[in-house]
Number of protein chains: 2
Amino acid sequence: MATTIQDIARVAKVSRSAVSVSLGSHNGRSGTRVSESTRLRIKEIAQNLGYQPNVMAKGLAGGRTSTIGILWSLSGPHPSVEMAHNISLKSHRHGYVTQLVNHMSDQAVTIKSLREFKRRGVDGVVIQDINCVLEKPEIVDLLNEFPAALVVGSSVWKAPVDLIHHDRLAACKEVADHFAAAGRRRPVIMGSSMANNEKVRAFMERASMNSMSVGPDSLIEVQYLSHNQTVKACQWTLKERYGKDKAIDFDALFCMSDEGAMASIDWLRKRGVRVPQDVAVIGFNDNEIDDCMDPPLASVERNDDQVADVIDEILFTRLIHPELPPQRRYVSMRFVWRESAGRRRDTG
Amino acid sequence: MATTIQDIARVAKVSRSAVSVSLGSHNGRSGTRVSESTRLRIKEIAQNLGYQPNVMAKGLAGGRTSTIGILWSLSGPHPSVEMAHNISLKSHRHGYVTQLVNHMSDQAVTIKSLREFKRRGVDGVVIQDINCVLEKPEIVDLLNEFPAALVVGSSVWKAPVDLIHHDRLAACKEVADHFAAAGRRRPVIMGSSMANNEKVRAFMERASMNSMSVGPDSLIEVQYLSHNQTVKACQWTLKERYGKDKAIDFDALFCMSDEGAMASIDWLRKRGVRVPQDVAVIGFNDNEIDDCMDPPLASVERNDDQVADVIDEILFTRLIHPELPPQRRYVSMRFVWRESAGRRRDTG
DNA sequence: CTGAAAGCGCTTACAG
DNA sequence: CTGAAAGCGCTTACAG
């Protein structure tokens, strides 16, 4: 069927190993060398025959497979899926193929998946981690078995691994600071505390530092039903909490997604509550349509593109340079002001 | 390192082939058989040793790799990425891993990718096709080399392949019908005609049949800059066309994405044009936040979940039953009325 | 009913 | 500087 190394060897009248060495990227590593002239000749023949190596054979024999495994938590609104897709895209440019697995931030799933990646000859893995839940010795050891492994974490790992610290807490503090500057007194934060534990705490602490009134009631817990149900879940939650004409007891609302923010604004409007006059609202993820809302929706920009660029850089550098020391980078999310957040008092 | 078939053979005191046959799914196909009792014993030993087959070795030796290749056109707003992700999810439930490649509806890329899937031992491929651009003999032949191959097309292929006809034209006609019933006279359709050629034509034809006024000017062509730039591109296009106080010469607007529709509504509002009184607007993809808009945004529901279910069914049935005749299914998108589309005259 | 052998297409020690 | 050989972990004809 397809051209093999054998075919090329036959045509070039050399041994299969000569072909392997000439075409491989391991130039000059093995004891086997080939003269420059025959190597060129072999390369040309391979080209003419349309040779493409069999990936499974390569992997089985200990070579690389040009495969990247992505271990991500794919839940909630789109950004995580888009992020994974973004990594895929960049990998393709390097001639790599990706395999995406949803690890659900679960240790057992992660371990199982890493083992599977191993059996599939994956060269490099990119793994998302929220709040260091995956920093376990067993996982660290598994990661180190791959030619390249990169953690994209919401916090920093102690273990010596390549890591991008994708900080979301700084932005949460910015949001709290803004609410304070806008003269708000009783902020609430809305979302699933399971997934946003750290964000909730950072926001509350900062709000408290700013002398705003916060307590256990400042969290509006949303139980997500499933994907694409954010709007329903948020509106249902608000109705449960403020249904029987209970007064709206907050003047600032920080939602863990733009969809949730839009759903809340819609619900508030129908209750006759004005945004931002009565309640300032800020979402999360900085969806491109935030600007089209009335009022425009303030949000938190994730800087996912920047993270993807850094992933690209670290991962494919590591694949070539195993000797480099562990890499560390920092990318922060940032608060984006728009009208729904209300104006700062000091700027009028 | 990991347990191999060899290890199991040693413990069970049988040959490697006995182990292979006992654990493989090809039960009873090869000439090699094993007595029920030893097969059970072998299975138990494998279990205890935590045996997991090496996927590359399996593939290289002619076995299955539990891998699905997805060939999709990943452009524009999210739905295609989500669809691909959805297929991934379902595949995982069957113990399959997926590889996603963006074929950009391009023949050369498709051929190259299918060959690569072959070299990687992919078992099944799911491929998206818009308007039969990929129905070429070479591609059909390549598809047939896989144990399973499924086309998800906007139209029907003549070639005998498993196919899901995901119809978008019926919905476009529903939209045209609705505009007519709502008393609109001068509809326009907005988006990239490259990607939406068929939709534009179906809409125009139907509009014309309904005695609305349409012509070449009824298409507002949008050049997309890149991902997540739909809002900018749409608003820029509108400004170019209606910038110098040129009157809005349409009373109904059908956008190829909800984001585009929201951007347009925003732009129209700022021009003092009322939706739906002056202009009725309908989007595409039925985003969950459409309901939160003011007015709520009418749209076209893709029924992607249903498509994913059918993919799941056809693909994994085919993997088990190569003898079945080619499968055909039909899934249609559908128009979803909301206030932005304006009310029908006959219903008040 | 079972086992020894060949082979899938590569890579990489190891001899010449 | 080059080639013949072993081996990666499986599957599947083929003998017994």
Side-chain angles (χ1 to χ4, degrees), chain A residues 1-10 12-42 46 49-67 115-116 118-123 147, chain B residues 1-10 12-42 46 49-67 115-116 118-123 147:
Chain A
M1 277 288 11
T3 310
T4 73
I5 231 170
Q6 178 81 270
D7 302 327
I8 300 173
R10 198 152 32 218
K13 302 213 183 297
V14 297
S15 70
R16 287 179 295 153
S17 32
V19 177
S20 175
V21 170
S22 300
L23 301 176
S25 42
H26 294 247
N27 321 346
R29 207 173 84 209
S30 135
T32 308
R33 311 251 163 122
V34 178
S35 69
E36 195 57 20
S37 63
T38 64
R39 123 166 316 186
L40 253 47
R41 195 164 58 86
I42 289 173
L49 263 45
Y51 172 72
Q52 297 282 64
N54 179 303
V55 180
M56 295 176 287
K58 246 182 124 168
L60 186 58
R64 296 276 178 91
T65 59
S66 298
T67 308
R115 294 232 174 86
E116 168 135 31
K118 214 58 197 129
R119 281 182 286 128
R120 287 175 175 271
V122 162
D123 297 327
Chain B
M1 277 286 15
T3 310
T4 73
I5 230 171
Q6 177 80 272
D7 302 327
I8 300 173
R10 199 153 31 218
K13 303 212 183 298
V14 296
S15 71
R16 287 177 295 151
S17 33
V19 177
S20 176
V21 170
S22 301
L23 300 177
S25 42
H26 295 245
N27 321 344
R29 208 175 78 209
S30 134
T32 309
R33 310 253 161 119
V34 178
S35 70
E36 195 58 20
S37 64
T38 64
R39 122 165 318 184
L40 254 49
R41 194 166 57 85
I42 289 173
L49 263 44
Y51 172 72
Q52 298 282 64
N54 179 302
V55 181
M56 295 176 287
K58 244 180 127 167
L60 186 58
R64 296 277 178 91
T65 59
S66 298
T67 308
R115 294 232 174 86
E116 168 134 30
K118 216 55 197 132
R119 281 181 285 128
R120 286 175 175 272
V122 161
D123 297 327

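Quick note on labels: first sequence line is chain A, next is B, and so on, each numbered from 1. Given the structure is predicted, the values throughout are model-derived calculations rather than measurements.
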Selected nucleotide, minimal atom distance to Ile5(B) side chain, candidates dC10(C), dT11(D), dG3(C)
dT11(D)

Taking atom P of dG3(D) as reference, at what distance in whole Å does atom CZ of Arg10(A) sit?
16 Å

Identity of whatever pairs with dA4(D) - Watson-Crick or G-U, under 3.5 angstrom:
none

Specify the residue among Met56(A) and Arg16(B) whose closest nucleotide of DNA chain C lies further upstream toward the 5′ end.
Arg16(B)

Give a yes or no on whether the backbone of Leu49(A) and the side-chain of Thr3(A) come within a donor-acceptor separation of less than 3.5 Å.
yes

Nearest 0.5 angstrom please: Asn54(A) CG to Met56(B) CE, how far?
11.0 Å

Considering only side-chain heavy atoms of Ser17(A), which listed nucleotide, dT12(C), dC10(D), dA4(C), is closest?
dT12(C)

State whether the side chain of Arg64(B) and the backbone N or O of Asp123(B) hold a donor-acceptor pair below 3.5 Å, judged by distance alone.
no

Against the side chain of Lys58(B), the closest entry in dC10(D), dC10(C), dC8(D) is dC10(D)

Of the candidates dC10(C), dA4(D), dG9(D), the side chain of Asn54(B) sits closest to dG9(D)

Whole-Å distance separating the CZ atom of Arg120(A) from the P atom of dG9(D):
17 Å

Phosphate OP1/OP2 of dT11(C): any Ser20(A) side-chain N/O under 4.0 Å:
yes

Judged by each residue's nearest nucleotide on DNA chain C, which is more toward the 5′ side, Ser15(B) or Ala57(A)?
Ser15(B)

Candidates dG3(C), dG3(D), dC8(C) - which lies nearest the side chain of Ala18(A)
dG3(D)

Choose from dC10(C), dT12(C), dC8(C) the nucleotide whose nearest atom is closest to any side-chain atom of Ala61(B).
dC8(C)

Spell out, as yes or no, whether a donor-acceptor pair under 3.5 Å connects the side chain of Thr65(B) to the backbone of Gly121(B).
yes

State which of dC8(C), dA6(C), dG3(D) makes the closest approach to the side chain of Leu60(B).
dC8(C)

I want to check something: taking the side chain as every heavy atom from C-beta on, are Asp7(A) and Arg10(A) in contact at a cut-off of under 4.5 Å?
yes

Can you figure out which of dG3(D), dT12(C), dG9(C) approaches the side chain of Thr4(A) most closely?
dG9(C)

